[in-house]
Amino acid sequence: MLAVLGFATLGSFMLLVMRKYLSAFTAIMLTPIVAALIAGKGTQLGDMIMNGLDTVAPTAALLLFAVLYFGLMMEVKLFEPIVQAIVRASKGDPLRIVIGTAVLSLCVALDGDGTTSYMIVCSAFLPIYQRLGMNPLVLATLAAMSLGTISGTTPWGGAATRGISVLHLNAGEYFVHMIGPMALTSLAIIAVAYWLGLRERRRIDGEKLAAYKLEIASGGAFEPVVVDWRMWFNAVLTALLMVLLILEVADLLVLFMVAFVIALLVNIRSIGDQQELIKRQAANAVPVMILVLAAGVFTGIMTDSGMIKEMADAALSIVPDGWGAAIPLFTAVLSLPLGFFMSNDGYWFGVVPVLAESAAHYGIDANEIARAGAIGQILHMMGPTSAPLWVLIGLVKAELGDFQKHALRWGVLVSAAYILFAVVTGAISVT
């Protein structure tokens, strides 16, 4: 009963959002609440919602100050020299810009933190997309796939770390066999970027593009940027912030709060002007925050009601007894829908150990299950329980349904390639 209700809840959510019957904020809260009432758990709703909010409240606060900080940096044109350099190097060619987006996304995803990766990529490329009239969903799609491939696979990324810890694995033994599939999947993402870049090149008016290329060559396409001591201070502060984030010197929320206060005092001295900046940036920060909080409600109800566990058990029950040797392959395929809908904690701590236990009966190493499970991270980065996703769609100012309609087809394609590469290279076995 709970499994059916859970799948119905997820299907209803996707339908309501992708058909735009409801906004993502209302749908992600309304569907699990209705499901809980149908399941007779109405008296527990308050506790389940609060448990979910407790898990996402730090993330929501982090996003608030991260958006405020990078919004201020955008206003003072910190990234304008970088944007101009990229545009000059690309000569205004959308194909080169899209491929550059993929390459940068794959590189910064090594950081392991989704929020930081998305902010770096969007800060560098979003102004270029806006200037040329390119589709920002292309940027968002490539960034999400890159993060799911690199951060979702590496042992220092959040997903694989959960698998390594819960299955008591050696990080090196787990990772060395995933380097090949990860590298090949990265090439697949660049291939997708090439195709999307060709489409953008064809979509943009040829005369407009030619005129813009002439402007770039003559230097008339760029506004002059004043490089004063504040510009250098902002660059050093941002670089230092990134280093401290990677080194995990302090909690991300603390680092962004302190950095924002320092940047605000240095760049805007008037109290009235500071308040005006916060009001302007609130238009970007508040929608992201409420979506993260709404996602916490969704996760809390789905997890505490038992729907997630029952759904996982139902999915496991369809594996035929004679297919035990193919459990790693089945895990990789199953990781796609489960990764999309489930939180990483629920998936790695609830489903993966059950799969590993089943695989052990057939002599299959737990490392293979962990590797197979990580493949689903590409779709997880596009699903409603991925906190960084809300940052991404907030930055590109897109609707969740529009993003998923654009991104899922490519995410499924690249994930299928990832599974194939993992099988061919022996990272996961099928016999």
Side-chain angles (χ1 to χ4, degrees), residues 59 62-63 66 70 79 82 86 97-126 136-164 171 174-175 178-194 196 238-239 241-248 252 335 339-340 344 348 371 373-383 385-396 403 407 410-411 413-415 417-418 421-422 427:
T59 300
L62 163 65
L63 298 183
F70 281 103
F79 303 106
I82 300 174
I86 295 173
I97 291 169
V98 174
I99 292 176
T101 303
V103 173
L104 179 63
S105 298
L106 290 165
C107 291
V108 299
L110 286 166
D111 161 279
D113 179 71
T115 301
T116 305
S117 298
Y118 288 153
M119 287 183 172
I120 292 173
V121 174
C122 289
S123 297
F125 279 99
L126 187 58
L137 293 178
V138 171
L139 183 156
T141 298
L142 295 172
M145 290 194 299
S146 299
L147 186 68
T149 300
I150 303 298
S151 179
T153 301
T154 52
W156 54 89
T161 299
R162 289 173 171 87
I164 291 169
Y174 153 81
F175 184 55
M178 285 298 280
I179 294 175
M182 184 176 69
L184 290 171
T185 305
S186 298
L187 291 177
I189 291 173
I190 293 174
V192 169
Y194 181 84
L196 292 175
T238 302
L241 175 60
M242 293 299 103
V243 171
L244 295 178
L245 288 172
I246 294 171
L247 296 178
E248 298 181 352
L252 271 66
S335 73
F340 181 81
N344 268 335
W348 286 100
R371 294 174 197 137
I375 292 173
Q377 286 299 298
I378 295 175
L379 292 193
H380 174 73
M381 295 302 172
M382 301 176 181
T385 60
S386 171
L389 170 65
W390 302 105
V391 181
L392 181 61
I393 62 175
L395 289 169
V396 301
F403 166 76
W410 302 111
L413 177 64
V414 172
S415 297
Y418 205 169
F421 297 145

Considering all heavy atoms of both residues, which atom of A109 and which atom of S151 are nearest to each other, and what is their separation? O-CB, 3.6 Å

S186: what forms a side chain to side chain contact (heavy atoms under 4.5 Å, CB included) with it, not counting sequence neighbours? L106, T149, I150

Any idea which heavy atoms bring P181 and A422 closest together, and the distance? CG-CA, 3.9 Å

OG1 on T185 to CD1 on I190, rounded to 0.5 Å: 11.5 Å

Who passes side chain to side chain contact (heavy atoms under 4.5 Å, CB included) against S415, sequence neighbours left out? L336, I378, L379

Nearest 0.5 angstrom please: S146 OG to I189 CD1, how far? 4.5 Å

Side-chain heavy-atom pair L139, Y118 within 4.5 angstrom cut-off: no

Rounded distance [0.5 Å steps], OG in S386 versus CE in M381: 5.5 Å

Partner of F125 under side-chain contact (heavy atoms from CB on, under 4.5 Å), chosen from V138, V98, L142, L104: L104

Verdict with supporting geometry, V396 and F403, side-chain contact (heavy atoms from CB on, under 4.5 Å): CA-CA 10 Å; V396 301; F403 166 76; over 6 Å; no

Which heavy-atom pair separates A140 from L392 by the least distance, and what is that distance? O-CD2, 3.4 Å

Paired with Y418, the side-chain contact (heavy atoms from CB on, under 4.5 Å) test is passed by just one of M145, Q377, M178, namely M178

Between CE on residue M182 and OG1 on residue T153, distance to nearest 0.5 Å: 6.0 Å

Non-hydrogen atoms of F421 and A188 that approach each other most closely: CE1-CB, 4.4 Å

Heavy-atom closest pair, residues S105 and A143: OG-CA, 3.8 Å

